[in-house]
Amino acid sequence: QVQLVESGGGLVQTGGSLTLSCAASGGTFVNYGMAWFRQAPGKEREFVTAISSSGISRYYADSVKGRFTISRDNAKNTVTLQMNSLKPEDTAVYYCAARYLTGAYYDRTVVYEYRYWGQGTQVTVSS
């Protein structure tokens, strides 16, 4: 069972940048597909980005494509989300998520596909 801890959230002005990190422990990290989701007040949790176990394949929501970059370091058991050109609509609690990979197909954009979640980190973008 893997434990996830996010860090790096904060307050930033429109157009600014933030880097979020997710540290994983308790499992063999390379066996997990990783993702970031976010949840704004009064809204459902939504997919932001995901990365394959090797780090070669990356997937982004249309709303963040070209602005956000996901990466992972399997030697350090970390996933990083680099967020640039931030907008007020990016304001949300950001969650790191992990899914143990069995080789079976899964929809990486769906919340219920991920069993393990971090506690979340707040990102606030001021206008």
Side-chain angles (χ1 to χ4, degrees):
Q1 183 168 340
V2 65
Q3 292 82 45
L4 306 172
V5 178
E6 302 99 335
S7 60
L11 174 65
V12 64
Q13 292 186 334
T14 297
S17 299
L18 276 176
T19 302
L20 305 184
S21 294
C22 174
S25 62
T28 302
F29 187 62
V30 72
N31 290 340
Y32 291 81
M34 302 299 297
W36 288 93
F37 286 74
R38 66 186 181 186
Q39 188 166 17
K43 295 188 176 181
E44 293 187 351
R45 193 168 298 188
E46 66 174 5
F47 171 77
V48 176
T49 180
I51 190 167
S52 64
S53 57
S54 66
I56 293 176
S57 299
R58 309 177 189 194
Y59 312 86
Y60 297 94
D62 287 343
S63 59
V64 307
K65 204 170 292 184
R67 300 188 297 122
F68 290 12
T69 302
I70 188 172
S71 61
R72 67 188 292 165
D73 186 333
N74 287 339
K76 296 182 178 179
N77 291 0
T78 58
V79 177
T80 299
L81 179 60
Q82 176 64 45
M83 305 185 293
N84 298 326
S85 302
L86 283 162
K87 306 174 181 180
E89 50 264 44
D90 294 318
T91 295
V93 177
Y94 283 70
Y95 296 91
C96 178
R99 174 190 169 95
Y100 183 79
L101 299 175
T102 63
Y105 169 80
Y106 71 102
D107 186 342
R108 57 182 51 84
T109 70
V110 175
V111 169
Y112 67 74
E113 294 281 20
Y114 295 86
R115 178 176 180 182
Y116 305 103
W117 293 84
Q119 81 288 351
T121 186
Q122 177 70 46
V123 171
T124 303
V125 184
S126 63
S127 56

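In this chain, residues are counted from 1 in sequence order. The model shown is predicted, which means the values in this text are computed figures rather than measured ones.
In this structure, the side chain of N74 does not engage the main chain of S54 through any donor-acceptor pair within 3.5 Å. Side-chain atoms of R72 come within 3.5 Å of backbone atoms of F29 as a donor-acceptor pair (strictly under, hydrogens ignored). In terms of modelled atom types and a separation under 3.5 Å, the side chain of Q119 and the main chain of V5 share no donor-acceptor contact. No donor-acceptor pair closer than 3.5 Å links the side chain of R108 to the backbone N or O of E113.
Taking both residues in full, the closest heavy atoms of S17 and N84 are given as OG-OD1, 2.9 Å, listed atom of the first, atom of the second, then distance. Residues S63 and R38 share a closest heavy-atom pair of OG-NH2, 3.5 Å. The two residues Y94 and L81 have their closest heavy-atom pair at CD2-CD2, 4.1 Å. Smallest separation of non-hydrogen atoms from A98 and V2: CB-CG1, 4.1 Å. For the residue pair W36 and E6, the shortest heavy atom distance occurs at CZ3-CG, 3.8 Å. Considering every non-hydrogen atom in both L11 and S126, the closest pair reads CD1-CB, 4.3 Å.
Other residues, nucleotides and ligands contribute at most 12 non-hydrogen atoms within 6.0 Å of the OH atom of Y100. R58 CZ: more than 12 foreign heavy atoms inside a 6.0 Å radius. Residue-environment remark: NZ (K65) exceeds the threshold of 12 foreign heavy atoms within 6.0 Å.
At least one side-chain heavy atom of W117 sits under 4.5 Å from a side-chain heavy atom of V111. Using a 4.5 Å heavy-atom cutoff, the side chains of S21 and T78 are not in contact. Using a 4.5 Å cut-off on side-chain heavy atoms (C-beta onward), Q39 and Y95 make contact. Under the 4.5 Å side-chain criterion, counting only non-hydrogen atoms from C-beta, F68 is not in contact with L18. Under the 4.5 Å side-chain criterion, counting only non-hydrogen atoms from C-beta, T14 is in contact with V125.
Screening M34, R99, Q1 for a side-chain contact (heavy atoms from CB on, under 4.5 Å) with Y116, the sole residue that qualifies is Q1.
Taking the six-membered ring for Trp and the full ring otherwise, Y114 and F37 have centroids separated by under 6.0 Å.
For the residue pair T124 and Q122, a side-chain donor N or O sits within less than 3.5 Å of a side-chain acceptor on the partner.
Summarising the geometry, atom OG1 belonging to T28 is positioned 11.5 Å from atom CG belonging to L101; distances are rounded to the nearest 0.5 Å. In this structure, OG1 on T80 lies 11.0 Å from CE on M83, to the nearest 0.5 angstrom.
In this structure, L20 is not a member of the same hydrophobic cluster as F47, with clusters built from ILVMFWY side-chain heavy atoms closer than 4.5 Å.
Taking the charged nitrogens against the carboxylate oxygens, D90 and K87 have no contact shorter than 4.0 Å, which rules out a salt bridge.
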